[in-house]
Amino acid sequence: VVSDYFAIEQMADIHKIVPDYKTAAALALKSGVDVDLPDGAGFRHLVDAVREGLVSERDVDRAVRRFLTLKFQSGVFERPYADADVAEAATGNAEGRALALKAARAAPILLKNDGLLPLSADRFKRIAVIGPNANVARLGGYSGDPRQTVNVLEGVRARVGDPARVLHAEGVRITDSDDWWADEVNLADPAENRRLIREAVRVARGADIVVLVLGDTEQTSREGWAENHLGDRTELTLPGQQDELAEAIFALRKPTAVVLLNGRPPAVTDIAEKANALIEGWYLGQEGGTAMAEV
């Protein structure tokens, strides 16, 4: 059993349920936590905690025994180094991509459909895929960088092939940066977004149907792990000018399917009322565009 990063120390620093790291370490160890991540700032005090009777040597032995057992079972004493070639071969291979696609197919939630879905390339000859999350694979935090990704626009283009023409416009930009690690978050310029909205309306006007892909970026839905790296929002609505984009598209009275790619449930009351179809996709991973095009 391992702690979350700094969680033992935060019992003293943030939650104030213990006076110091030594008491936090003793409480965690007695509760069954074996490893203090990331650097053991709490468990560093266990020697003193044993000497002062806050924990017993038996408590320490139990944690050590569990961790050594795990290491023996994993074979690290006999084979201390991983085979880099095996790791390379297993990363982004066909089996992995198939599993990612299977997960992506199972994840979306159909919230509304008035009969528009499933779409037909024979019926709709010009499909506009519009929105800030249409041409980017939203993976969320902690995802790493896959060797390949498929976004919704790419997935739709591959799915329909020749029978229909797929148009695209960004519509709005949510944040200046998609860097999940950056401490500061700045929403994109509203004036520039309104220019992008006008461009999106022009593109959508020439289409038979609109797939509107909205939601979050890796900056607008993330873990707030420090006082200078926050993750909260002041409201539940879609960030940026996404509601304005949706309103402008709905005003065209084109059949519209809205896809949400986000890390938290947004308040989309008006969109839910006006869209012909509404799909909650969350973060669909590297093969998400293929799965969403199938949906």
Side-chain angles (χ1 to χ4, degrees), residues 101 104 107-111 116-119 121 124 126-140 143 146 148-161 164-178 187-188 192-221 238-250 252 254-263 266 268 271 274-295:
L101 179 56
I109 301 169
L110 180 64
L111 298 176
L116 180 66
L117 302 182
L119 304 181
F124 301 108
R126 296 168 67 87
I127 302 171
V129 182
I130 290 173
N133 287 348
N135 195 28
V136 58
R138 294 290 181 211
L139 304 174
S143 66
Q148 62 279 311
T149 59
V150 182
N151 61 50
V152 174
L153 177 61
E154 293 168 335
V156 171
R157 280 178 171 159
R159 182 74 176 175
V160 302
R165 182 182 176 193
V166 178
L167 313 174
H168 168 65
E170 186 176 16
V172 299
R173 198 163 293 140
I174 301 174
T175 47
D176 285 342
S177 166
D178 292 340
L187 293 176
E192 173 62 12
N193 273 343
R194 290 180 180 114
R195 184 192 69 78
L196 292 174
I197 290 173
R198 291 192 295 271
E199 172 66 13
V201 168
R202 184 190 65 78
V203 171
R205 192 172 280 124
D208 301 319
I209 186 171
V210 176
V211 177
L212 188 58
V213 192
L214 308 172
D216 279 318
T217 74
E218 284 76 5
Q219 286 195 336
T220 61
S221 181
L238 292 171
Q241 280 68 49
Q242 294 186 84
D243 283 324
E244 290 183 36
L245 170 63
E247 189 63 34
I249 296 299
F250 291 141
L252 297 174
K254 302 275 185 179
T256 302
V258 176
V259 173
L260 300 174
L261 300 178
N262 46 269
V268 289
I271 290 174
K274 294 179 180 179
N276 299 95
L278 179 61
I279 301 170
E280 175 57 83
W282 309 111
Y283 292 134
L284 290 177
Q286 67 182 65
E287 303 297 323
T290 300
M292 189 56 71
E294 293 173 353
V295 171

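Note that the structure is a prediction, hence the values are computed from the model and not measured.
- When the side-chain contact (heavy atoms from CB on, under 4.5 Å) test is applied to Ala293, the partners found at least two apart in sequence or on another chain are Val156, Arg159.
- At a threshold of 4.5 Å between non-hydrogen side-chain atoms, the residues Leu214 and Leu245 count as touching.
- Rounding to the nearest 0.5 angstrom, the gap separating the CG atom in Asn193 from the CD atom in Glu244 is 8.5 Å.
- Atom CD of Gln219 is separated from atom CG of Leu187 by 9.0 Å, given to the nearest 0.5 angstrom.
- Listed for the Asn151 side chain is no donor-acceptor partner under 3.5 Å among the backbone atoms of Gly289.
- Remark: side-chain polar atoms of Arg126 are paired, donor with acceptor, to backbone N or O of Gly206 under 3.5 angstrom.
- Residue pairs meeting the side-chain hydrogen bond (donor to acceptor under 3.5 Å, both in side chains) criterion with at least one partner in residues 205-218, sequence neighbours excluded, are Arg138-Glu218, Thr175-Thr217, Asp216-Thr220, Asp216-Arg233.
- In this structure, CG on Leu260 lies 5.0 Å from CG on Leu278, to the nearest 0.5 angstrom.
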Practice task
Go through Leu153 and Val213 one step at a time and tell me if the side-chain contact (heavy atoms from CB on, under 4.5 Å) criterion holds.
Solution key: CA-CA 9 Å; Leu153 177 61; Val213 192; over 6 Å; no
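- Taking OG1 from Thr149 and CD from Glu154, the interatomic distance works out to 6.0 Å, rounded to the nearest 0.5 Å.
- Annotation for Gln242 and Pro132: closest pair OE1-CG, 3.5 Å, computed over non-hydrogen atoms.
- Between Leu167 and Ala207, the shortest heavy-atom distance links the atoms CD1-CB, 4.1 Å.
- Sorted by first then second residue, the side-chain hydrogen bond (donor to acceptor under 3.5 Å, both in side chains) pairs that include residues 283-295, not counting sequence neighbours, are Arg97-Glu287, Arg105-Glu294.
- Considering all non-hydrogen atoms of both residues, Pro239 and Ile174 come closest at CG-CG2, 3.9 Å.
- By the side-chain hydrogen bond (donor to acceptor under 3.5 Å, both in side chains) test, Asn262 is found to be paired with Glu280, residues two or more places apart in sequence or in another chain being considered.
- Atom CZ of Arg194 is surrounded by more than 12 heavy atoms from other residues, nucleotides or ligands within 6.0 Å.
- Distance check: Ile197 CD1 to Glu199 CD gives 12.0 Å after rounding to the nearest 0.5 Å.
- Taking CG from Leu212 and OG1 from Thr256, the interatomic distance works out to 7.0 Å, rounded to the nearest 0.5 Å.
- In this structure Leu116 satisfies the side-chain contact (heavy atoms from CB on, under 4.5 Å) test together with Asn113, Asp114, Leu119, Phe124, Ile209, Pro255, Ala257, Asn276, sequence neighbours excluded.
- Remark: Ala204 pairs with Ile130, Val210, Ile249, Leu252 by the side-chain contact (heavy atoms from CB on, under 4.5 Å) rule, at least two apart or across chains.
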Practice task
List the steps, then state whether side-chain contact (heavy atoms from CB on, under 4.5 Å) holds for Glu247 with Asp243.
Solution key: CA-CA 6 Å; Glu247 189 63 34; Asp243 283 324; over 6 Å; no
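- Of all heavy-atom pairs spanning Leu101 and Ala291, the tightest one is CD1-N, 3.9 Å.
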